Each structure stands twice: as C-alpha cells, then as structure tokens.
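Just so it is clear, the model here is predicted, and its values are computed rather than measured.
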Amino acid sequence: MSDKIIMLGNEAIARGAYEAGVKVSSAYPGTPSTEISENLAKYQEVYTEWAPNEKVALEVAFGASFAGVRSLACMKHVGLNVASDPLYTFSYTGVNGGNVIVVADDPGLASSQNEQDTRMIARAAHVPVIEPSDSMEAKEFIKFAYQISEKYDTPVILRTTTKLSHSQSIVELCDRKEVEDKPYERQVRKYVMMPASAIGRHVVVEERDNKLALDGCDFPINKMEINDKKIGFITAGVAYQYVKEVCPNASVLKLGLVNPLPKKLIEQFIQQVDTVYVFEELEPVIEEQVRAWGYEVKGKELFTRQGEYSASLLKKAIFGQNDIVFDKKDAPNRPPILCPGCPHRSVFSVLNKLKIHAAGDIGCYTLGAVAPLGVIDSTLCMGASISTLHGIEKARGKDFIKNWVAVIGDSTFLHTGINSLINLAYNKATGTVIILDNRTTGMTGHQEHAATGKTLKGEPTNAIDLEVLCKAVGVNNVVTIDAFDIVTLEKTIKASVNGDELTVIIAKAPCALLKGQKFPYVCNCDESNCKKCGMCLKIGCPAITKQENGTIKIDETMCNGCGLCKSYCKFNAINKVER
C-alpha cells in the first residue's frame, strides 16, 4: 500500500503505531491526545483500551512490553504527572518489546490547567524524546521510536502539541509490519527494582544517555539545512514550520531527537552560522543546554515562554514587523459556558441558591466558577476536589465546612477521586461529596469509562455501580438523585452539610451532548405571565435572553427542554411542551 491522504496529527500517530506492529495500547482521554486512541481502536489487530488513569495506562503498556510485544501509552502533559511514578522506574528497567509513550503538550492552554513542558520531565527521568513537525513525520517518527526503544532498551516519548495534534497534512500510508514477539526471560536484576538492582540499572541509564546523544547525531529524524549562513535556527516540532515560513533562506537545524540532545551535531551547526536563534515553544530546554556548553545563542530574551508560537511572533521578534491584523486581546470576552440542558447547571444553581462553596475538579464543572453560578472556589488537578475538602475540614474544623462541598465528575472520580474518598472514609471525615454523574467523560469528547458499560471499541462490558463502590470503601450515607430534581437535591444537600456523617450524593443525568440523546421537550415563555423577576436568568442558560422590555425569551433552537428554568419560575411564565 502507498496511498496518500490528509490526516490529523493524532490520526497519523495512530496510523504509525498500527504500521509499527503495536499490539497493546492503553490510554486515558485528555485533550489534545484523545483522538489517537479513538483512531487506533479502528484497527482490529491492536488491542486498545481506556484505562482509569494514566498511571494505570503506562503500567499496562509496561506489562505488554515486559511480555515481549510492542506497546503504546497515550496521555496529555498533565497526565504524565500521574504516570510519573512508573515512568521513572520504567526508564531503569528498560523494555523487552518496544514501548512508546505519546505525550501531548498544550502551549496556549487550550484545555489545560498549566503549560508544563514534557521535555523537562523526560530529562529528569532519562527518557529519550522525539518530536515531529507535521502529520507525515508523526506517523514515521513513531515507527522510528520503536526502533530506538528496542535498540537502546528504553521507553521513548513521542512529544506532540495541540497544533500538531489537531492540524492536518498529507500522509503516505504503508502496510502494517508484523513484529515477532520477543521471548520472555526472567531477569530479576533488570525488572525487579529493589535497591540492589536499581543501583546497577542507574549506571546503564547514564551510559544509554551518552550513547543516544552520540548516535543521535546520525539519526535521520535530525535534519541540517545550510543556506544563508548569516542567520540560523535550532528548532523542533511545529516551530520549524514557522521558521520555514518566515525565514525560508535561513540555515536551520531541525531536531527530531530533543532529549538527549545530539551535542556534536548542534556544535557542527553553530560553527557554520554567524547568529543562531533557538526557537522552541515553552521552556528553554534546548537553549539552556547549548548555553551550558559555552555557546552564545539568542532565545527566550526574544521569544516568550508562554503560549503557542506563530509565524507572526517570529516575524516581529526577528524583523520588528507586526503583521497581526486582529489582536485577540481586543476581542470581547466570551468565557466558555455550560451547554443548554447540562445537568451540572442544575446542581450548581442549587449550590448557588444555598450560598455553598465547592472545591472543584478537572472537567466541564470548572465552568461553575464563573458568573452567574459562581460556586467553584478551587481547581487543582484530577481527583483533588475531594482531598481539598478533607484538608479544609482538618484545618478549620467541621463547622467551617457546613457551607462547603466537593464536586467531581464520574470519570474523574474513577480516575483518582476514589483514592481521595478512601482517605476521607479512613480518616473520619464528615464532608459532602457530590459526584456529577453524566454517564461519560464529557470535556474530552464523550469517551467511555469503567462505569458506562462499554469499552473503547464499543463492546458491552461490566459497569461499575458508583453507589455500591462508594459504600464499599466505607461511606455509609450514599444517595442517588436525579440531577434535575432541584427540590430533592436542595433538601439532601442541606441535610448533608449540616450533618456529622460523610455523605456522597450522586447527581445523575446524561450529558446533553451524548450521542443518541433525545430531547422530546422544549421550553417557551408566556410573556403575559413574565414578572421580569430574573430568577430564570440566574441559572446562566445560553438559550435564555432578556429582551428590551425586561421579559425573557427562550431560543427554541438552543433549548434542550431540561426544564430547569421552569423549576425556578414561580409565576408559570415558562412552559415545557413537546417538540
């Protein structure tokens, strides 16, 4: 096969893993990496799964590699934090079958809580990193990564970014290469990381770093383009595309191997060019190492450490030209909002009415922090809401948390929230935890998880019962409520926060955007009954607007007929009718 088609970067990564003969893939959905696993699941030759979290995903991939087959783990950059525990030791053990970890960084914070740079973690963990600049390279580089993995006995990180993950370019398809399984041999010194073994493996890791840095000078994924020698760029990934657009005649060293750096190749390039710029998004990882070798280069004094790079940014920094027609700073502020019919809005509206603070978590429910709902006071990381509530109670006492709850989604609860709940039950907490169960992993695009009853490939499977699970870890008071039953919800929350018992409230209703979700009803307003009180506006539904005369109007094309606005209208001005 040698067809050429246009592919997203994530789609091309999946294709590359398929062509490389990968047999096992495990991942947790996280934008901008999610589509890799969704596309890989289409290939029947590859076992693919959603794991409860990234730590589990990497451990599964380690097990497959340990058993002798090529394996893959995929995650976003903050997911690598969760997977760091196995990562640092996986670097010591090395591989049997090749292993690649795809990590998607998010410069510009399109959908993340920070802008951390995966290359920094990889340096600390002594794991090689390769970085493609377009979809074709994404497909080919992951295949090359498996060769490096098996030759140098190491897991390899393929670093991508939001721009690469979600942009398209031409990819040439190849046939799948079936790789013979490596035989399993019991090697305690290599794979059992007790101190005596780890001491010896640490030496192996350092030797591997040195060999990779030397051999990397000849890797085909590094490319030196000598043109005008007055100006040169050391760059990698998507940033290379901006260099070629703005300075097509400049000399360029495009690095495919970004950790460890191929020192001799970089030195060879610098010696041929008068002025060298290091153009890299986020942290000055390459720049600082080159400076440490004694070479003067230009870098972060010209280019920012924040956000995504662009051709315009480079043009302004190098030539002082500002070709930005529209500056996004001049755009009106349009914060993201919960969708019409979102069950989270119902829960947050009740918390707002009761003037209750919420320790928040990662997911759509972070949108409850902004007006008019304004109930989320903290968001740290996956699963942290429950632990945060516990810390507040232990710091300030039971009375202080009588106007506090923790909120967390069903997928996030299974990711790491369950560990936090175990801690509350074990350490005699009395707080209130609300699980916003919308039957999916919402913010990343509706992926299945362990409580939905379906696998990544859509096959029926066991579904965890969240109520039974909560009781099993020691929570005696667990209540399941329809998320749109605001009367029962209000009574239950009041009783819980004023009680002296650890309580879990499972507010259950499907995400309004779930595939196959039907909306048989729609709401409309009888303006003759509208008293202009504004109660329905307090829920912040985008389908509801205030007219010039003070009455409200419901956009029936946006309305999903959840009826939350009707529940708050005391004058029967809002009606819920069949479509």
Side-chain angles (χ1 to χ4, degrees), residues 87-88 91-92 94 100-101 103 105 117-133 137 140-141 144-145 147-159 201-240 243 250-303 305:
L87 174 72
Y88 279 76
S91 174
Y92 273 37
V100 174
I101 306 157
V103 184
D105 285 3
D117 193 321
T118 291
R119 296 175 300 171
M120 305 284 280
I121 296 177
R123 283 190 67 193
H126 299 278
V127 175
V129 181
I130 65 175
E131 186 171 354
S133 67
E137 283 191 352
E140 292 302 310
F141 276 26
F144 186 70
Q147 296 177 33
I148 295 176
S149 175
E150 291 168 352
K151 180 176 180 179
Y152 295 93
D153 189 15
T154 180
V156 175
I157 290 176
L158 179 88
R159 179 183 185 245
R201 291 301 297 179
H202 193 179
V203 175
V204 172
V205 168
E206 288 190 35
E207 291 173 347
R208 182 180 71 206
D209 281 351
N210 294 333
K211 186 167 177 53
L212 272 165
L214 185 61
D215 293 355
C217 296
D218 297 319
F219 283 177
I221 59 175
N222 298 317
K223 184 168 59 174
M224 187 186 297
E225 303 170 359
I226 299 298
N227 296 307
D228 184 349
K229 294 185 178 181
K230 292 180 181 178
I231 181 173
F233 291 88
I234 301 173
T235 188
V238 171
Y240 167 77
V243 170
S251 294
V252 180
L253 176 58
K254 177 185 174 297
L255 296 175
L257 179 70
V258 295
N259 185 63
L261 291 177
K263 183 180 179 182
K264 288 188 176 181
L265 182 64
I266 293 172
E267 289 176 332
Q268 181 185 345
F269 177 76
I270 291 174
Q271 290 162 5
Q272 297 183 65
V273 179
D274 296 339
T275 302
V276 177
Y277 297 86
V278 179
F279 193 59
E280 56 182 330
E281 288 183 322
L282 299 182
E283 299 302 316
V285 175
I286 300 171
E287 176 188 341
E288 287 182 351
Q289 290 179 78
V290 172
R291 287 184 186 274
W293 297 336
Y295 295 101
E296 187 57 39
V297 296
K298 298 181 183 295
K300 293 300 178 184
E301 72 271 23
L302 298 173
F303 313 121
R305 293 166 75 160

Heavy-atom side-chain contact between [X] and [Y] under 4.5 Å:
| X | Y | result |
| --- | --- | --- |
| Lys254 | Ser133 | yes |
| Phe144 | Val100 | no |
| Asn222 | Cys217 | no |
| Leu255 | Glu131 | no |
| Leu212 | Phe219 | yes |
| Val129 | Val103 | no |
| Trp293 | Ile266 | yes |
| Ser91 | Arg208 | yes |

Any chance you could measure [X], atom [atom1], to [Y], atom [atom2], to the nearest 0.5 Å?
| X | Y | atom1 | atom2 | value |
| --- | --- | --- | --- | --- |
| Gln289 | Tyr295 | CD | OH | 14.0 Å |
| Leu261 | Arg119 | CG | CZ | 8.5 Å |
| Glu267 | Gln272 | CD | CD | 12.5 Å |
| Glu283 | Glu281 | CD | CD | 12.0 Å |
| Leu265 | Asp218 | CG | CG | 8.0 Å |
| Lys230 | Ser251 | NZ | OG | 12.0 Å |

For Glu225 and Tyr240, which I'm curious about, is there any donor-acceptor pair between the side chains at under 3.5 Å?
yes
Taking all heavy atoms of [X] and all of [Y], pick out the closest pair and write down the distance.
| X | Y | result |
| --- | --- | --- |
| Phe141 | Ile130 | O-CD1, 3.1 Å |
| Leu257 | Pro128 | CD1-CB, 4.5 Å |
| Ser149 | Thr154 | OG-O, 2.7 Å |
| Ile286 | Ile234 | CG2-CG2, 4.0 Å |
| Ala124 | Tyr88 | CB-OH, 3.4 Å |
| Gly216 | Pro262 | C-CB, 3.8 Å |

May I ask you to decide if [Y]'s main-chain N or O and [X]'s side chain share a donor-acceptor pair within less than 3.5 Å?
| X | Y | result |
| --- | --- | --- |
| Glu287 | Val297 | no |
| Asp153 | Gly94 | no |
| Asn227 | Ala250 | yes |

Would you please test Asn259 and Val285 for side-chain contact (heavy atoms from CB on, under 4.5 Å) and show each step?
CA-CA 9 Å; Asn259 185 63; Val285 175; over 6 Å; no
Are there over 12 heavy-atom neighbours, none belonging to Lys300, within less than 6.0 Å of that residue's NZ?
yes
Within a radius of less than 6.0 Å around CZ of Arg123, do more than 12 heavy atoms belonging to other residues, nucleotides or ligands occur?
no
Taking Asp117 first and then Arg159, would you say they form a salt bridge - that is, a charged N and a carboxylate O separated by under 4.0 Å?
yes
Is it true that Arg291 and Glu301 make a salt bridge, defined as a side-chain N closer than 4.0 Å to a carboxylate O?
yes
If the plane angle is over 60° it's perpendicular, under 30° parallel, otherwise tilted; pick one for Phe233 and Tyr277.
parallel
Partner of Tyr92 by side-chain hydrogen bond (donor to acceptor under 3.5 Å, both in side chains), out of His126, Arg201, His202
His202
